[in-house]
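Here the structure is laid out as structure tokens; the discussion comes afterwards.
Atoms considered below: every heavy atom in the structure, side chains included; atoms not considered: hydrogens, waters and symmetry mates. Keep in mind it's a predicted model, so treat the numbers as computed, not measured. Just so we're on the same page: letters track the sequence lines, and every chain starts at 1.
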2 protein chains.
Amino acid sequence: MAKNVAPDSTRRSEKSRRAIYDAALALVGEVGYPKTTIEGIAARAGVGKQTIYRWWSSKAEVLMEAFLDLGEQAGGESYAIPDTGDLAADLKAVLRATVDELKDPRFEVPSRALAAEGVVNEELGRKFVEKLLEPSLQLYVARLRSAQQAGDVRPEIDPRIALELFVSPLAQRWLQYSGPISYEYTDTLVDYALYGLAPR
Amino acid sequence: MAKNVAPDSTRRSEKSRRAIYDAALALVGEVGYPKTTIEGIAARAGVGKQTIYRWWSSKAEVLMEAFLDLGEQAGGESYAIPDTGDLAADLKAVLRATVDELKDPRFEVPSRALAAEGVVNEELGRKFVEKLLEPSLQLYVARLRSAQQAGDVRPEIDPRIALELFVSPLAQRWLQYSGPISYEYTDTLVDYALYGLAPR
DNA sequence: CCGCTGACGAGACGCACCGTCTTGTCGGCT
DNA sequence: AGCCGACAAGACGGTGCGTCTCGTCAGCGG
């Protein structure tokens, strides 16, 4: 027994860790997620398989940490949503930027892979939401709260639910290929969400 | 060459087809999607592997057809959305029913598996949307058109986009575990979508 | 300065499943 | 009655899995 003596993280090789992240992201980009294998990552990184199995439990986890790491070293931290006082314009601008990001292949392939894995693996899905999705959504919460202060959003509205009216449709179209994605589309979503479907 | 002489579908064994559907659904329910293998399905169905490879190209496709078949023989066809004249109430009722369905394990496991596969495999994703998702969404389109006739929804609204305001948030929470799902939540979505976030 | 310790690179190992193939059977058309 | 092709069964080489055994190497504690 006692096979799983936790490895000593103070002796962990930083060089190997970085090499594994780089190899994982490169492979996913080049051959796609399903054809990316742990053996392949190890070979590409010049690392023994055991080193991967020692620190991660699945290729999905490797990819998620690699992706998180990429985000950290790139964007110091997520940007806030502009607050010009014109709520509709601010939301439309951010959603247009999101549309562009969703179409950037560097971002698209690993995100899709992680999202797909999260659909079927609840633990990983929750981690994905917590680490990647929710922080971005909280930016909308903040902007909507500010709009409530300004009287542009009714005070009894729950911002965490409200943001889903325009974010989730875009997310679903992207994830499921259930419809085309364009600036016009996201602009429309903002208008519908703010002013409702019923006559005013 | 000419290795792929298309099989003669008039000589196809109906018994094997059914046995394969049953085995696939049973296995996915019992051991989960990743552990469901083509070999396993063949063995369980009492069928040669070649019979599966002859008619389908992946386990995802087998499962999708099995799932479609299940739907066809169960609900003769998808039900329409009630039209009592009270749009909000009708939508809330249908979404509540959807909440229940999403939590039914018989439905949940294969749906998740197919949705996940569709995220990463565009061709299958589009088929999934076309065969399973879009037909249900069209019911909302019909109901919203009727509401436009009745003057409960503004005439310039595009129903296909409008429905996403309340359907997509639910879908995303379910798919991505990005939030809890309840009657209260879906009721709120309908209210927000119909009357908007801005003061009236 | 040396020796111990544990992560490291490399890769062998048995296993499960892949997708293709071969063989002999059997049922439906002609 | 004979033919044709789908069928069940399973052999086959290939690939990646996850575990394991090596020998090496870096750091730290004595």
Reading DNA chain C from 5' onward, which residue's closest nucleotide shows up sooner: Ile38(B) or Glu39(A)?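 Checking each residue's closest nucleotide, the 5'-ward one belongs to Glu39(A).
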Nearest-neighbour nucleotide for the [X] side chain, [options] considered:
{"X": "Tyr53(B)", "options": "dC7(D), dC18(C), dG9(C)", "value": "dC18(C)"}
{"X": "Arg11(B)", "options": "dC17(C), dC4(D), dA8(D)", "value": "dC4(D)"}
{"X": "Trp55(B)", "options": "dA8(D), dA6(D), dC18(C)", "value": "dA6(D)"}
{"X": "Lys49(B)", "options": "dC17(D), dA11(D), dC7(D)", "value": "dA11(D)"}
{"X": "Thr37(A)", "options": "dT19(D), dG16(D), dA8(D)", "value": "dG16(D)"}

Task: 5' priority, DNA chain D, between Gln50(A) and Gln50(B) [closest heavy atom] - done: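 Upstream on the strand: Gln50(B).
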Taking only N and O in the side chain of [X], is any of them less than 4.0 Å away from OP1 or OP2 of [N]?
{"X": "Ser16(B)", "N": "dA8(D)", "value": "yes"}
{"X": "Trp56(B)", "N": "dG19(C)", "value": "no"}
{"X": "Ser13(A)", "N": "dA26(D)", "value": "no"}

Could you give the CZ-to-C1' distance, from Arg54(A) to dT21(D), as a whole number of Å?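 Atom-to-atom, Arg54(A) to dT21(D), this comes out as 13 Å.
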| message | Just to verify, which of Asp86(B), Asp191(B), Asp187(B) counts as forming a salt bridge (Lys or Arg N to Asp or Glu O under 4.0 Å) with Lys92(B)? | response |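 The residue from Asp86(B), Asp191(B), Asp187(B) that satisfies salt bridge (Lys or Arg N to Asp or Glu O under 4.0 Å) with Lys92(B) turns out to be Asp191(B).
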Applying a 4.0 Å non-hydrogen cut-off, can you work out what Gly46(B) is touching in the nucleic acid: base, sugar-phosphate, or nothing?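 Touches sugar-phosphate only.
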Note to self: Quick one, Arg160(A) with Asp158(A), criterion salt bridge (Lys or Arg N to Asp or Glu O under 4.0 Å). Give me CA distance, side-chain angles, the key distance, then yes/no.
What the structure shows: CA-CA 6 Å; Arg160(A) 182 57 186 75; Asp158(A) 178 342; over 6 Å; no
